[in-house]
Amino acid sequence: MDDKTLTCDVLIVGGGPAGLSVASTLPDDVKTVIVHQDKAIGLPIRTSGGCWLSDIERLGIPEGMYNPLLTNEAFADDAHTVLPLQDAVPAILDTPRVYQWLASLSDQKDRTLLLDTKFITTRQRNDGLYESDIRVRDGALERVVSRYIVDGSGWHFAVLDALGLAQKPERLAIGTEYEYPIATNAPNRGLIFVGSKVPAGYGWAFATARDTLRVGVGVIQPDTDQSPRKLLDRVVNDEAYLARLGLELVGEPIVHSGILPSVPYDERLVFGHVIRVGDSANFATPTVGEGIRVSIEFGRLLGEKLGAAVKTGRDGPLKAYERACRRRMKRNYKWGFLVNTRAARYTPENWNASIRRMGKVGPEVVVATFRGEFPLHKVAKMSWSLWRALLRSRIRRLKTKLGLS
Ligand SMILES: Cc1cc2nc3c(=O)[nH]c(=O)nc-3n(C[C@H](O)[C@H](O)[C@H](O)COP(=O)(O)OP(=O)(O)OC[C@H]3O[C@@H](n4cnc5c(N)ncnc54)[C@H](O)[C@@H]3O)c2cc1C
């Protein structure tokens, strides 16, 4: 082996929440290399960081790294509702800090973190090991030889694509976000907006833990060919609309943008010694594209199972990871994807009706939809709540027509 080659048990491609979480639960003596193409962990920001307080606590994310949202609203062209979320409190993660904390969880392990380093391609040698080409800015290393590779490269599908194991996603959610000083905006308020301002997508605004206000727009391409940046510019330059949303934008914003796959869940996660996790495994919820908590939770699980596979040489633990993901995601994401593709075709009138309904159907339905969780008993309850809301509005309309109210 020459001095341009690094050998290890596990190569992790991508230092996002998924890849970092895998590293954090691998046994201390499993030799791991993480290659991450950005110069720093968590920067530039490519995500909004929306999560839920209950998950933040469950995952052990330290205080001060998130901002709870105590008032949550939804706006359509002619409808507005305060979202009934009851005990479910959304919160915005300070993602650069959270991701750096995730990285610190494997600092004491036999781990090499290569920043500003890009995975280019890989091939399997006759001895079964993977030889991967990497590009490091200072040019010191050129190759990593490993027994296992984890694809945590997000929507890039870098490893899967290089080995021809899975198709790069063609349907993508693309988002742009502007970050302003908080100014007079409420420090614990969040909102979403839908309708004619954001065809085939939705917009959001919320206060962060860093005393800022972030306003963003995400659309699904190719469902629309509109650019999220142009749509967002239209929103932030429309004073009347901002006044309706109750937002004050001050100063020059910092711009963030990001991409995530918006395709059906694919239950195949393990390809021999190549395993996918996070966005490269379509883990973000199809309803609102929330992938951080899922990537952390199942990234940690993969780290444990992969550790067992490295130690025993058996593939069983990896299959257990695949099964656990399937149990959690397959059915939920099937329902979620139905909601996603339906909503992508919504007209402004459909959105008006949908936002009005959200105010009436009760917290269970709203929270389940936002979280992308549809167990059978909830689906039954949701159908009943939706029918009841629909029936009530029909009766109201009939009464008005008959002059009875
Ligand atoms: C606009 C937008 C808003 C979002 N909002 C939310 C939200 O509010 N809440 C939420 O939970 N989720 C949100 N998401 C989704 C969430 O960001 C992702 O689900 C999550 O980041 C997935 O983590 P990951 O580690 O799989 O991938 P990523 O976070 O994408 O990390 C993968 C990393 O791998 C690196 N990489 C890629 N290719 C290579 C390569 N060849 N070599 C080396 N490194 C490579 C990338 O630079 C990247 O940093 C949003 C996404 C977008 C785009």
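For ligands, and for the atoms within them, numbers begin at 1 and follow the listed sequence.
Ligand 1 does not have C51 within reach: every non-hydrogen atom of the residue lies 4.0 Å or more from it. A heavy-atom separation below 4.0 Å is found between T117 and ligand 1. The shortest separation from a heavy atom of G218 to ligand 1 is not under 4.0 Å, leaving the residue out of contact.
Defined by atom type and a distance below 3.5 Å, a donor-acceptor pair is present between the side-chain atoms of W204 and E177. Remark: the R229 side chain and the T176 side chain contain no N/O donor-acceptor pair separated by less than 3.5 Å. With 3.5 Å as the limit, one finds no donor-acceptor pair spanning the side chains of T208 and N67.
For ligand 1, the polar-atom distance check finds no N/O of G19 at less than 3.5 Å from any of the ligand's N/O atoms. Ligand 1 has an N or O atom lying under 3.5 Å from an N or O atom of F119, backbone or side chain. At under 3.5 Å, not a single nitrogen or oxygen of T176, backbone or side chain, sits near a nitrogen or oxygen of ligand 1. For ligand 1, none of its N or O atoms has an N or O atom of I259 under 3.5 Å away. An N or O contact shorter than 3.5 Å links I292 to ligand 1 by distance. Some N or O of D279 is nearer than 3.5 Å to an N or O of ligand 1, by distance alone. Remark: ligand 1 and A18 share an N or O pair separated by less than 3.5 Å (distance only, no angle test). Inclusion of D38 in the set of residues having an N or O under 3.5 Å from an N or O of ligand 1 is warranted. Residue-to-ligand polar distances keep R293 apart from ligand 1: every N/O pair is separated by 3.5 Å or more.
Close approach of ligand 1 to S295 is summarised as follows: ligand atoms under 4.0 Å from at least one heavy atom of the residue are 22 (C), 23 (O).
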